[in-house]
**Q** 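Could you have a look at this structure, given as structure tokens, before my questions?
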Amino acid sequence: MHDARRRFIRVIGSASVIAAAPQALGACAPMPDEAIEAWRRAGQEQDPRRKLLSWAILAPNPHNLQPWLVDLRSADRIMLYCDLERLLPMTDPPSRQIVIGHGCFLELLALAAAANGLRAGITPFPEGEPGAAALDARPVARIDLAPAPVARDPLFDQVLARGTYRKPFSERKVPREALEALVDAAARPAVRVSATQEPAMVAHLNRIMVQAWELEQRTPRVWKESVDVMRVGSSEIARHRDGIALGGTMIEIIRLLGMTTPQTMMDPSSVFFSQGLNRVYDWAPNTGAYAWLTTSATGRGAQLEAGRAFVRLQLKAAELGIVTQPPSQVLQEFAEMDALRAQFEQLVAQPAGEKTQMLVRIGYPDASEARSARRPLESFVRT
Ligand SMILES: Cc1cc2nc3c(=O)[nH]c(=O)nc-3n(C[C@H](O)[C@H](O)[C@H](O)COP(=O)(O)O)c2cc1C
């Protein structure tokens, strides 16, 4: 029996209910089909800009809030805005990660454009950059599209294979050349990509990953922000098609047992709460490689570049059969994280005036991972 399942049964002490439930419920897919329709529809649109957007919305983004809005009113142009209703003020006070998610979107858009014989001229923040503290209603980017003989980037072929892996890795070690290939693929102007497999450094990073996760989960106002966007069970996932999706048979069981109410999810003595932490403890042992992306600490443009670099790294990983997850907690700017973040910055020798924008754990999969939900394309188009 899988460890997590055994531990879970021990905690609630009702093995017979658990044993009977999968038959009663049938095997529940972790992700309902309707929620991942966008992955099947990518590239199917007739309108050229919608076609590009159908790829771009598959980008990674924090908490899967998909905070993108586009204005298509000028021909041959896409104006990208941030949906200011989809921010994470407690977890990501300056909306730095939200902007990184826009960089990921822009990179997939540019790769899709090139694959369709178009050059995407991207002007970041065409009406000026918002300050460091908060985003505003001005556009994040203007994308001007024009036919051009642009080279197709082979990374585009990996868009449907890319994903975030939230499980323990297999024991297989990532070869050094593969790690170097990831670093090379992530090259973007003004982004420094570093990686390590050095055992003492990795052990330290694993410890920090776990501590930072605990700290986030034990900081109620921050944890609540995650709980608020958790979509528990198939019908909720299908209804929202965003947020942190928790699906599959075991989740349906604990939901039916009333163990996933917002109060229970916030309660540190609950099974749900400790299972969340246990999951992370299980990640560390086989995590033997990390990469991190550093830019200038100032400027929203640098955050966009970090996003472009990050998704390129994930695409290259997909090409190599490698999986990745960015445990971002230690990089976050809420006050309770300050001391641990300072320790991390010292560990990676982050120079003054710079910011580590992404930290990525890297390994080989030990199981399959469901695709993440996406809202329908039309919900991103501003009318
Ligand atoms: C800036 C940023 C921060 C992220 N932080 C985390 C994180 O801390 N933990 C995690 O499991 N995934 C993290 N992710 C991954 C997102 O949760 C993921 O991209 C989103 O849920 C969509 O899933 P997908 O990447 O599989 O399409 C982050 C992604 C971005 C762009």
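Predicted model only: the values in this text are computed from it and were never measured. Whatever order the structure lists them in is the order used to number ligands and atoms, beginning at 1.
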**Q** Any sub-3.5 Å donor-acceptor pair from Q197's side-chain atoms to L179's backbone N or O?
**A** no
**Q** Just need the protein heavy atom nearest to atom 9 (N) of ligand 1, so name the residue and atom and give the distance.
**A**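 For atom 9 (N) of ligand 1, the nearest protein heavy atom comes out as P326 O, 3.4 Å.
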**Q** From the options M209, H63, R162, R166, select the one whose nearest heavy atom is closest to atom 21 (O) of ligand 1.
**A** R166
**Q** Between E369 and ligand 1, which part of the residue brings a heavy atom under 4.0 Å of the ligand: side chain, backbone, both or neither?
**A**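 No part of E369 comes within reach of ligand 1.
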**Q** Can you list the ligand 1 atoms lying under 4.0 Å from a non-hydrogen atom of S328?
**A**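 What qualifies from ligand 1 is 3 (C), 4 (C), 5 (N), 6 (C), 7 (C), 8 (O).
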**Q** Answer yes if the side chains of T356 and Q350 hold a donor-acceptor pair under 3.5 Å, and no otherwise.
**A**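 Q350 and T356 do have a side-chain donor-acceptor pair below 3.5 Å.
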**Q** I'd like to check which ligand 1 atoms, numbered from 1 as shown, lie under 4.0 Å from a non-hydrogen atom of Q329.
**A** 8 (O)
**Q** Among all protein heavy atoms, pick the one closest to atom 15 (C) of ligand 1 and tell me residue, atom and distance.
**A**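 Ranking protein heavy atoms by distance from atom 15 (C) of ligand 1, first comes T164 OG1, 3.6 Å.
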**Q** Report the part of I100 (side chain from C-beta onward, or backbone N, CA, C, O) that has a heavy atom under 4.0 Å from ligand 1; answer both or neither where that applies.
**A** side chain
**Q** Who's the nearest protein heavy-atom neighbour of atom 2 (C) of ligand 1, and how far?
**A**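 Here the closest protein heavy atom is M358 CE, 3.7 Å.
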**Q** I'd like to check the salt bridge (charged side-chain N to carboxylate O under 4.0 Å, His left out) partners of D71; sequence neighbours left out, ordered by chain and number.
**A**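 D71 satisfies salt bridge (charged side-chain N to carboxylate O under 4.0 Å, His left out) with R73 once adjacent residues are dropped.
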**Q** Determine whether the side chains of Q357 and T295 contain a donor N or O and an acceptor N or O closer than 3.5 Å.
**A** yes
**Q** Could you tell me whether R374 approaches ligand 1 through its side chain, its backbone, both or neither, with non-hydrogen atoms closer than 4.0 Å?
**A**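 R374 to ligand 1: side-chain contact only, backbone stays beyond 4.0 Å.
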**Q** Could you tell me whether the side chains of R41 and S54 share a donor-acceptor contact shorter than 3.5 Å?
**A** no
**Q** Show your working on side chain to side chain contact (heavy atoms under 4.5 Å, CB included) between E333 and D92 and close with a plain yes or no.
**A** CA-CA 6 Å; E333 290 89 348; D92 178 28; 4.3 Å; yes
**Q** Taking distance alone, with N or O pairs closer than 3.5 Å, would you say P60 contacts ligand 1?
**A** no
**Q** Do any side-chain atoms of residues 78-86 form donor-acceptor pairs under 3.5 angstrom with protein atoms, and if so which ones, sequence neighbours left out?
**A**
unit_1: D83; atom_1: OD1; unit_2: E85; atom_2: N; d: 3.0
unit_1: R86; atom_1: NH1; unit_2: L65; atom_2: O; d: 2.9
unit_1: R86; atom_1: NH1; unit_2: D242; atom_2: OD2; d: 2.8

**Q** What residue and atom, counting heavy atoms only, is the protein's closest point to atom 20 (C) of ligand 1, and at what distance?
**A** N61 O, 3.3 Å
**Q** Test salt bridge (Lys or Arg N to Asp or Glu O under 4.0 Å) on E214 and R218 and set out the steps.
**A** CA-CA 6 Å; E214 281 183 344; R218 292 188 191 283; 5.3 Å; no
**Q** Quick one: which ligand 1 atoms are inside 4.0 Å of a heavy atom on S372?
**A**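 Close to S372: 22 (C), 23 (O), 24 (P), 26 (O), 27 (O).
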**Q** Which ligand 1 atoms, with their elements, are less than 4.0 angstrom from a heavy-atom of G163?
**A** 26 (O)
**Q** State, without any angle test, whether R374 and N64 hold a side-chain donor-acceptor pair at a distance under 3.5 Å.
**A**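 Present: a donor and an acceptor within the cut-off.
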